[in-house]
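I have placed the structure first, in the form of structure tokens, so that the comments after it can refer back to it.
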Amino acid sequence: MIEKVIKLISEIRDDEALVTELNGNSDIVNETGMDSLQLINFILRIEDEFGIDFDFEEFDMAHLESIERFCRFIENKVDVA
Amino acid sequence: MNAMNSPARVGIAKFAYVVFLIVLYPFYYYVKKDFMRQVKKNLFYPSRFVSYSETRPVYYDVFAFFVNFPLFDKVYRVLPPLTGRVLQVGCGTGLMNRYLKKQGILPDMVNLDPNIHSLKYAMKWKRIDSFLQSGIEKVDLPDQSFDTILMARCFHHIRSTRKALSECSRLLKPGGKLIIFDPVLLDRKHEITEAYMANSTIDGFIWRYSEECLVRHVRKFTPPELPVTDIRAVRLPITTNYCFKYEHKDMIITLTKTEEV
């Protein structure tokens, strides 16, 4: 899943180099280079890709502290769905 | 330019925008300043205006007064006739229902909205006489329940376009129509390459698109049995369309459910 998320980020940033530069420890907000609009649209792409819904009102930004942590969060959501 | 967009009417819309801007700027500045500070920490922070209007629908009505000035609910007159059993998605405070009532048009209509405060407000002011509290992503109604589904100025609020259009397809009878009436950015410099969602100060999470991007966005997510069959664009002479920073026009896109083979 980590690879899938990194690939998605590289597509949104339109930067193929990110596929090798990013890893599970990379901070999604501060190290991927995505601006706020790209971050929102990254979240939407994740929802669409994995068939899950995030509650924006309850969304904890700490989930974005690393790609690995965000993947765990997605996995939990997928399991519940 | 049609009669509706005479220079005088456009002039009134532009002048009204300037007046509103001057009068409302202190309020806007207060909300925007807080929003910019908070959104840096939390991408999903709803502005104070968005938070207040969630539970106090009268704020939405006031907002609609300003953005639709001077046409108010006459903006809905550009809609095609609503035939058969109708589902109105995102009825909000029932402004369109009020317009239809004034025109003496009383369609067999189910009013859908996820916000219970707006629905109760619309009931209180007798704009609607029944409702179903739900989003359009999953509606607890049988297949092929409707001849027409209308999304009047709510499409930009729907997060999952794919789920919404798929559910509309399920709910429509063969030959039924989905009408999307939504504002689009004028994008004179062709800066918008695809639809994107933003957290806005006044309207919360909304999709933003140009005319071409909205059509592409709809075509991307609609199921094959619900193709786009008509596209119209008008530019109503209202403040929101003739403001300085984000000029808009109004799109009316019709999708028609294919007849069963």
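Lettering follows sequence order; numbering is per chain, from 1. Heavy-atom basis, side chains included; hydrogens, waters and symmetry copies ignored. What you see is a predicted model, and the numbers here were worked out from it, not measured in a lab.
- Looking at A/I40, the atoms closer than 4.5 Å to chain B (heavy atoms on both sides) sit in the backbone and in the side chain alike.
- Residue contact with chain A, scored on non-hydrogen atoms closer than 4.5 Å, involves the side chain of B/F205 exclusively.
- Heavy-atom contacts from other residues, nucleotides or ligands closer than 6.0 Å to CD of A/E16 number 12 or fewer.
- Interface remark: of the candidates A/I43, A/D53, A/D48, A/D48 forms the most heavy-atom pairs closer than 4.5 Å to chain B.
- A pairwise comparison of heavy atoms in A/L39 and B/L43 identifies CB-CD2, 3.5 Å as the closest pair.
- In this structure, the side chains of B/W207 and A/L44 come closer than 4.5 Å at one or more pairs of heavy atoms.
- Scanning both residues, A/F54 and B/R159, for their nearest heavy atoms gives O-NH2, 2.5 Å.
- Looking at B/F44 and A/M61, their side chains come closer than 4.5 Å, going by heavy atoms from C-beta outward.
- Taking a 6.0 Å sphere around CZ of B/F244, one finds it holds more than 12 heavy atoms contributed by other residues, nucleotides or ligands.
- More than 12 heavy atoms of other residues, nucleotides or ligands lie within 6.0 Å of CD in B/Q38, so this atom counts as buried by the packing criterion.
- Contact of B/K41 with chain A is made through the backbone alone, with heavy-atom distances under 4.5 Å.
- Atom OH of B/Y60 sits in a sparse spot, with 12 or fewer heavy atoms from other residues, nucleotides or ligands closer than 6.0 Å.
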